[in-house]
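Positions are given from 1, in the same order as the sequence printed here.
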Amino acid sequence: MEYQALYRLGVERLRNASIEEADLDARLLLEEACGTDRNYLLCHGENQVTKEQHDKYLESIEKRSRRIPLQHILGFQEFMGLNFRVTPEVLIPRQDTETLVEEVLRFLHDGMRILDVCTGSGCILLSLLRYSNDCTGVGCDISKEALRVADENARRLGLTAEFIQGNLFENITGKYEIIVSNPPYIESGEIPNLMEEVREHDPLIALDGGRDGLFFYRELTEKAGEFLYPGGMLFFEIGCGQADAVSEYMTKAGYRDVNICRDLAGLDRVVYGVWSGGKPCLIN
Ligand code: GLN
């Protein structure tokens with residue numbers, strides 16, 4: 001079969017399955033199956049594909065039609081211009097999270113110590129390390145399986161980071177200049193309403209932020225001071241409508257200069273503040 005005809009067949013099957021970005025997904029899966037790039041469709045569309053390429057492609061199209069995320073089929077997601085391995089054990093890195101990384105980068109200096117809590121694929125920590133000099137990075141996560149993926153990502157990117165398994169700060173010692181986290185923040189009751197790709201294929205523990213979605217912000221804000229140098233900074237990614245609550249937790253817990261930043265869609269996406277160095281106090 002011709003490359004271009006196979007592409008059209010893929011698009012049609014994905015459209016029939018109501019996949020939103022049918023054209024894009026069909027093209028990316030075809031490039032993966034044939035080892036080609038974007039230009040191939042434009043310049044060599046009439047070339048024949050081999051039987052293996054044909055079968056591999058239609059198998060991927062069938063998976064995507066069942067709403068398996070593109071990233072799980074490809075095994076990768078680009079984030080901050082870097083390629084991250086993803087598996088069903090980690091949250092697929094989101095473009096929104098680049099806003100968090102970019103905000104941290106504004107304050108990151110050479111040689112700082114960074115702690116990424118709920119590191120998942122390691123995308124935040126590893127991007128920060130990649131775009132800075134001589135920083136030390138620790139990532140923690142409750143999921144051993146996620147940390148295996150994070151470790152593989154560090155190796156693939158040629159970066160050195162330490163990954164520690166534990167519930168939030170459970171196994172963390174020492175002090176840091178920067179603590180960053182994109183914790184699970186979806187309200188438990190909202191999970192059934194998420195897109196099937198997210199609901200069925202992202203790990204539930206990476207999504208569920210408890211009854212009001214704010215559980216992890218309370219936990220982290222209350223405890224982070226113990227692991228921050230005075231003047232150190234805490235950065236969170238937040239979900240829709242959570243900026244005020246999270247800013248208030250931070251102010252009450254002893255952070256100053258608490259700020260909210262928006263993502264490219266204009267939604268509040270990041271809250272950060274400076275640890276005043278006092279004793280961490282309880283939020284109520
Ligand atoms: N830190 C990872 C990310 O932002 C995982 C976040 C999570 O599991 N909630 O992609």
Minimum-distance pair of heavy atoms, taken over all atoms of Gly120 and Val90 = C-CG1, 3.8 Å
Which heavy atom in Leu220 sits nearest to a heavy atom in Pro183, and how many Å separate them?
-> CD1-CB, 4.1 Å
Out of curiosity, does Tyr57 fall in the hydrophobic cluster containing Leu24 (side-chain heavy atoms, cut-off under 4.5 Å, transitive links)?
-> yes
Is there any side chain to side chain donor-acceptor pair (under 3.5 Å) pair reaching into residues 5-18, and which pairs are they, with sequence neighbours excluded?
-> Arg15-Asp23
So how far is it from Gln77 CD to Leu70 CG, rounded to the nearest 0.5 Å?
-> 8.0 Å
Please say whether more than 12 non-hydrogen atoms of neighbouring residues, nucleotides or ligands are located less than 6.0 Å from CG in Leu264.
-> no
Salt-bridged, Arg27 to Glu31, with N to O below 4.0 Å?
-> yes
Any link between Phe216 and Leu100 through a network of hydrophobic side chains (Ile, Leu, Val, Met, Phe, Trp, Tyr) touching at under 4.5 Å?
-> no
Can you name the closest pair of heavy atoms from Leu125 and Gly139 and give their distance?
-> CD2-N, 3.6 Å
Is it true that Leu234 and Val138 fall in one hydrophobic cluster, defined by side-chain heavy atoms closer than 4.5 Å?
-> yes
Would the number of heavy atoms belonging to other residues, nucleotides or ligands and lying under 6.0 Å from CD of Glu145 be above 12?
-> yes
Measure centre to centre between the rings of Phe107 and Tyr272, then say whether the value is under 6.0 Å.
-> yes
Check side-chain contact (heavy atoms from CB on, under 4.5 Å) between Gln53 and all other residues, then give those that pass, not counting sequence neighbours.
-> Cys34, Val49, Thr50
Between CZ on residue Phe235 and CD1 on residue Ile179, distance to nearest 0.5 Å | 11.0 Å
Where is the tightest heavy-atom contact between Leu126 and Ala154, given as atom of each residue plus distance?
-> CD1-N, 3.6 Å
Where the side chain of Glu2 meets the backbone of Gln48, is there a donor-acceptor pair that is under 3.5 Å apart?
-> no
Give the minimum heavy-atom separation between Cys135 and His109, together with the two atoms involved.
-> SG-O, 3.4 Å
Ring pair (Phe, Tyr, Trp, His ring centres under 6.0 Å) against Tyr3, all qualifying residues, sequence neighbours excluded = Tyr40
Sequence-distant partners of Asp110, side-chain contact (heavy atoms from CB on, under 4.5 Å), two or more places apart = Asn133
Tyr131 side chain to Met80 main-chain N or O, any donor-acceptor pair under 3.5 Å?
-> yes
Could you note down all residue pairs passing ring pair (Phe, Tyr, Trp, His ring centres under 6.0 Å) where residues 141-178 supplies at least one of them, sequence neighbours left out?
-> Phe169-Phe227
With the side chain counted from C-beta on, respond yes when Cys118 and Leu168 share a heavy-atom pair under 4.5 Å apart, and no when they do not.
-> yes
Gln242 (side chain) donor-acceptor with Tyr185 (main chain) under 3.5 angstrom | yes
Do you know which two heavy atoms are closest between Leu108 and Ile178, and how far apart they sit?
-> CD1-CG1, 3.9 Å
How long is the gap from CD1 on Ile124 to OG on Ser181, to the nearest 0.5 Å?
-> 7.0 Å
Measure the CG-CG distance between Asn153 and Leu147 for me, rounded to the nearest 0.5 Å.
-> 11.5 Å
Identify, with sequence neighbours excluded, every residue that meets salt bridge (Lys or Arg N to Asp or Glu O under 4.0 Å) alongside Asp55.
-> Lys51
Under a 4.5 Å cut-off applied to non-hydrogen side-chain atoms, are Cys140 and Asn171 in contact?
-> no
For residues 58-68, the side chain to side chain donor-acceptor pair (under 3.5 Å) pairs (sequence neighbours left out) are Asp25-Arg64, Glu62-Arg66, Arg64-Glu197, Arg67-Glu197
OG of Ser121 to CZ of Phe84, rounded to nearest 0.5 Å, is 6.0 Å
May I ask you to decide if Leu91's main-chain N or O and Asp202's side chain share a donor-acceptor pair within less than 3.5 Å?
-> no
Is there a path from Ile19 to Val198 through hydrophobic residues (I, L, V, M, F, W, Y) whose side chains come within less than 4.5 Å of each other?
-> no
Is there a donor-acceptor pair under 3.5 Å between the side chain of Tyr249 and the backbone N or O of Glu219?
-> no
Would a 4.5 Å heavy-atom cut-off, applied to side chains only, mark Leu128 and Leu105 as touching?
-> yes
Derivation and outcome, side-chain contact (heavy atoms from CB on, under 4.5 Å), residues Thr251 and Glu248 = CA-CA 5 Å; Thr251 308; Glu248 196 185 322; 5.8 Å; no
Salt bridge (Lys or Arg N to Asp or Glu O under 4.0 Å) pairs touching residues 129-140, sequence neighbours excluded, are none
For the pair Trp275 and Tyr255, name the ring-plane relationship: parallel under 30°, tilted 30 to 60°, perpendicular over 60°.
-> tilted
Other residues, nucleotides, ligands: >12 heavy atoms within 6.0 Å of Glu46 CD = yes
Looking at side-chain heavy atoms only, is the closest gap between Asn83 and Arg156 below 4.5 Å?
-> no
Any side-chain heavy atom of Ile260 within less than 4.5 Å of one from Asp244?
-> yes
Sequence neighbours excluded, every pair satisfying salt bridge (Lys or Arg N to Asp or Glu O under 4.0 Å) that has a member inside residues 263-275 = Asp96-Arg269, Glu237-Arg269, Arg262-Asp268, Asp263-Arg269
Are Ile191 and Met195 grouped together when hydrophobic residues (ILVMFWY) are joined by side-chain heavy atoms under 4.5 angstrom apart?
-> yes
Those residues that, when tested against Glu32, pass side-chain contact (heavy atoms from CB on, under 4.5 Å) (two or more places apart) | Lys56, Leu74
Non-neighbouring partners of Val274 that pass side-chain contact (heavy atoms from CB on, under 4.5 Å), sequence neighbours left out | Met233, Arg256, Asp257
Run the numbers on Thr160 and Leu129 for side-chain contact (heavy atoms from CB on, under 4.5 Å), then give the verdict.
-> CA-CA 8 Å; Thr160 308; Leu129 292 175; over 6 Å; no
Separation between CG of Asn182 and OG1 of Thr97, rounded to the nearest 0.5 Å | 4.5 Å
Is there a donor in the side chain of Ser188 and an acceptor in the side chain of Asp208, or the other way round, less than 3.5 Å apart?
-> yes
Under 3.5 Å, side chain of Lys223 to main-chain N/O of Arg218, donor-acceptor pair present?
-> no
Any salt bridge (Lys or Arg N to Asp or Glu O under 4.0 Å) involving residues 80-92? Give me the pairs, sequence neighbours left out, ordered by first then second residue.
-> Arg85-Glu152
